[in-house]
Amino acid sequence: MLENKSQERTSLEQLGEFGLIDHLTKDFTINHKSTLKGIGDDAAILDFKDKKAVVSTDLLIEGVHFDLSYMPLKHLGYKAVMVNLSDIYAMNAIATQITVSIAVSNRFPLEALEELYAGIALAAEKYKIDLIGGDTTSSTTGLLISITALGEAIDTNIVYRNGAKPNDLLVVSGDLGGAYMGLQVLEREKEVFKVNPNSQPDLEPYSYIVERQLKPEARNDIPKLFEKLGVQPTSMIDISDGLSSEILHLCKQSAVGCNLFEDKIPLDPTVIAACEEFKIDSTMVALNGGEDYELLFTIDQDEFPKIKGNPNLSVIGHMTGASEGVHLITRGDTKIKLTAQGWNSFDTKR
Ligand code: ADP
Ligand code: MG
């Protein structure tokens, strides 16, 4: 339904590998002084001077991490970049460069890869990222995309997962559960479409959550906000697998416990409405849904006045001693042990 109906199909063999690389990458520009050499040689050369280099990589596989029947390739390119940038911002760093490696089967014409790269180009332009290289190869099955993101940070600004202390406040950016509920809507429409290919889905009421799934934005504004407010988080992680799983990561690595308050979890009204429609508990969706790409962090209580009332941030709990464990305090004031049911591509039930 969201597929590109364009009839043009230029086979990749017509261009050859080098022609293809050149065609896909020729319009990318360089924004950062740290990029001394980008695409075109055996390796890229970077110079971060007195800054620390931050590196993160992700591999996305068709049928495991994305489904092209409702994910347009342009969105996929954009999202693949976001997923990586989010990891750089989660270190409180500035993202500067990416490499993009793809493996494609002959099912994909040039026009499909142009769409993919249009999404990558849009992300690079909006987030001021230099594309500095990659690799291009063939695949016998589907599409594979691997992106490596690089960034820079002043040593003392870097935030790890292991610095949370008892009594620190647990804070999250934005709102949660939207990407998961967007996926529910898209999967439902896919089933309807299978039965009746002429059906025209009305996704308008779901536009926020469908966008959260198809076109997530990495929170590059949050490290900037920390700088502006003079806040130095004690620990941080991005929310790719669901709040529950990420809290458990922070707690384990920091050797602390946590009380998370159900009534503080930020939910958009469209998420609440979709949860009612699909008869899913919205807290479960926020805890286990994943792919929100918000930032979850802890701050010392003394820093609270600096973030108080900020519309981008919600205090959702506090850290405790490790022996107290990791719990959700429900609206009814019962204490439930948090377990990780986060999104897991090795989970055969999916
Ligand atoms: P090599 O044979 O040394 O692996 P390639 O011919 O694969 O080099 O790549 C030539 C140049 O194009 C390199 O700078 C490489 O980083 C870049 N490149 C290759 N594939 C891609 C891609 N899919 N996206 C961006 N840059 C790419
Ligand atoms: Mg190569």
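Each ligand, and each atom within it, is numbered from 1 in the order the structure gives. Numbers here simply count residues along the sequence, with the first being 1.
Geometrically, ligand 1 and Y117 share a nitrogen or oxygen pair separated by less than 3.5 Å. Looking at ligand 1, you'll find an N or O of D41 within less than 3.5 Å of one of its N or O atoms. Among the atoms of F18, none of the N or O lies under 3.5 angstrom from an N or O of ligand 1. An N or O contact shorter than 3.5 Å is missing between G38 and ligand 1 by distance.
Nearest-residue assignment for atom 7 (O) of ligand 1 (options T137, D135, I132, I147; heavy-atom criterion): D135. By heavy-atom distance, the residue among D42, I21, L20 lying nearest atom 3 (O) of ligand 1 is D42.
Each salt bridge (charged side-chain N to carboxylate O under 4.0 Å, His left out) pair with one or both residues in residues 146-166, not counting sequence neighbours, appears once here: K51-E152, K165-D168, K165-D300. Under the salt bridge (charged side-chain N to carboxylate O under 4.0 Å, His left out) criterion, no residue pair touches residues 26-45, with sequence neighbours excluded.
Checked for salt-bridge contact, K194 and E189 miss the test: no charged N lies under 4.0 Å from a carboxylate O.
Residue contacts with ligand 1 for I39 involve both N, CA, C or O and side-chain atoms from C-beta outward (heavy atoms, distance under 4.0 Å). By the criterion of a heavy-atom distance under 4.0 Å, neither the backbone nor the side chain of F28 is placed next to ligand 1. At a heavy-atom distance under 4.0 Å, no atom of T99 approaches ligand 1.
Ligand 1 lies within reach of G40, whose nearest heavy atom is under 4.0 Å from it.
No continuous path of hydrophobic side-chain contacts links L85 to I94 [ILVMFWY only; heavy atoms under 4.5 Å]. In the hydrophobic clustering of ILVMFWY residues, with side-chain heavy atoms under 4.5 Å counting as a link, F304 and L313 come out together. Under a hydrophobic-cluster definition in which Ile, Leu, Val, Met, Phe, Trp and Tyr are linked whenever side-chain heavy atoms come within less than 4.5 Å, directly or via other members, F48 and I88 are assigned to different clusters.
Contact atoms of ligand 1 toward G133: 16 (O), 25 (C), 26 (N), 27 (C) (distance under 4.0 Å to a heavy atom of the residue). Close contacts of ligand 1 with T25, meaning ligand atoms under 4.0 Å from a residue heavy atom, involve 24 (N), 25 (C), 26 (N).
Ring geometry, Y117 versus F28: the interplanar angle exceeds 60°, so the pair is classed perpendicular (tilted spans 30 to 60°).
Between the OG1 atom of T35 and the CG atom of D47 there is a distance of 10.0 Å, given to the nearest 0.5 Å.
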